[in-house]
Each structure stands twice: as structure tokens, then as C-alpha cells.
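Just passing along the structure, written as C-alpha cells.
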Amino acid sequence: MSSTIHFRIDDETKRLAMLAAERQQMSLTELMRQRAEELAAEELRFQNSEHEHWLEQQIAYAFNRHNSGEGEYLNNDEVTKHMDDLRQRAAQGKL
């Protein structure tokens with residue numbers, strides 16, 4: 001799936017951009033598509049690094065709680081029962 005982007009620029013900017021595209025043996029449309037893809041890739045890297053940073057913080061927080069004895073630990077049966085209870089409440093619209 002693709003979409004179209006429309007934007008306005010002044011004539012001099014367009015002229016210079018077209019010259020730059022010609023120098024790279026590309027159309028202005030191809031060049032702008034490439035730049036938009038580069039921006040999208042940059043944003044994806046940023047979002048991924050933000051998530052990694054958040055995850056690292058959560059892991060550090062969990063280890064700090066564990067090391068200080070603040071953690072509450074459940075065995076597999078307790079977790080399974082708790083999740084079953086949550087699913088049942090969700091199915092009943094009580095969450």
C-alpha cells in the first residue's frame with residue numbers, strides 16, 4: 001500500500017532541489033521518496049531505542065526490588081490461577 005504526500009515549497013527551493021536530483025540522476029519524486037524513507041527508518045530506530053531504554057529500566061527496577069527483598073514471587077500454579085481469574089473477569093466485562 002502506498003500513499004501520496006503533497007506539500008508546497010517556494011520556486012527557488014524547488015529549482016535547486018530539482019538540480020540536486022538531476023545531479024544524482026534521479027527525479028525529484030524519487031529523491032523525496034528516498035529522503036522520506038530515510039526519515040521513517042530514523043524514526044523507527046529512535047522508537048526501538050526508546051523501547052530498549054524503557055525495557056532496561058524495567059529490568060533494573062525488577063532486580064532492585066529483588067535485591068532489596070521487596071519482590072512478591074508466585075509459583076506457576078498461582079500465576080495460572082490469577083490469569084484464569086483475570087480472563088474470566090474480562091469475559092464478564094468486570095475489568
For H82, which residues count as a side chain to side chain donor-acceptor pair (under 3.5 Å) partner, sequence neighbours excluded?
none
Can you name the residues that form a side-chain contact (heavy atoms from CB on, under 4.5 Å) with E43, not counting sequence neighbours?
F46, Q47
Count the heavy atoms of every other residue, nucleotide or ligand shown that sit under 6.0 Å from OH of Y73, and state whether that count exceeds 12.
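More than 12 heavy atoms, drawn from other residues, nucleotides or ligands, come within 6.0 Å of this atom.
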Once you round to the nearest 0.5 Å, how far does CG of D11 lie from CG of L16?
11.0 Å
Counterpart residues, side chain to side chain donor-acceptor pair (under 3.5 Å), relative to Q25 (two or more places apart)
none
Tell me whether I5 is reachable from M32 by hopping between hydrophobic residues (I, L, V, M, F, W, Y) whose side-chain heavy atoms are closer than 4.5 Å.
yes
Is there a chain of hydrophobic side chains (I, L, V, M, F, W, Y, each step under 4.5 Å between heavy atoms) that links L74 to M83?
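L74 clusters together with M83.
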For I9, is there any backbone N or O sitting under 3.5 Å from a side-chain donor or acceptor partner on T13?
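No; zero donor-acceptor contacts below 3.5 Å.
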List the residues meeting ring pair (Phe, Tyr, Trp, His ring centres under 6.0 Å) with H53, not counting sequence neighbours, and say none if there are none.
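Partners of H53 by the ring pair (Phe, Tyr, Trp, His ring centres under 6.0 Å) criterion come out as none, since no residue qualifies.
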Residues which pass side-chain contact (heavy atoms from CB on, under 4.5 Å) with N75, listed by chain and number, not counting sequence neighbours
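side-chain contact (heavy atoms from CB on, under 4.5 Å) list for N75, sorted by chain: D77, E78.
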Considering only residues two or more places apart or on different chains, which pairs with a residue in residues 79-91 satisfy salt bridge (Lys or Arg N to Asp or Glu O under 4.0 Å)?
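Qualifying pairs: K81-D85, D84-R87.
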Name all pairs fulfilling the ring-ring contact (aromatic ring centres under 6.0 Å, His included) condition that reach into residues 7-38, sequence neighbours left out, sorted by first residue then second.
none
Could you tell me which residues satisfy salt bridge (charged side-chain N to carboxylate O under 4.0 Å, His left out) with R65, sequence neighbours excluded, listed by chain and number?
none
Which residues satisfy the side-chain contact (heavy atoms from CB on, under 4.5 Å) test with E42, sequence neighbours excluded?
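Testing E42 for side-chain contact (heavy atoms from CB on, under 4.5 Å), a comparison that skips the adjacent residues, returns L39, R45.
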Would you say that more than 12 heavy atoms from the other residues, nucleotides or ligands in this model lie under 6.0 Å from the CG of L44, or not?
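It does: L44 CG has more than 12 such atoms within range.
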Members besides M26 in its Ile/Leu/Val/Met/Phe/Trp/Tyr cluster (side-chain heavy atoms under 4.5 Å)
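Answer for M26: L31.
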Which pairs count as salt bridge (Lys or Arg N to Asp or Glu O under 4.0 Å) when at least one residue sits in residues 48-62, sequence neighbours excluded?
none
Residue pairs, two or more places apart or on separate chains, that pass salt bridge (Lys or Arg N to Asp or Glu O under 4.0 Å) and touch residues 14-34
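The answer is E12-R15.
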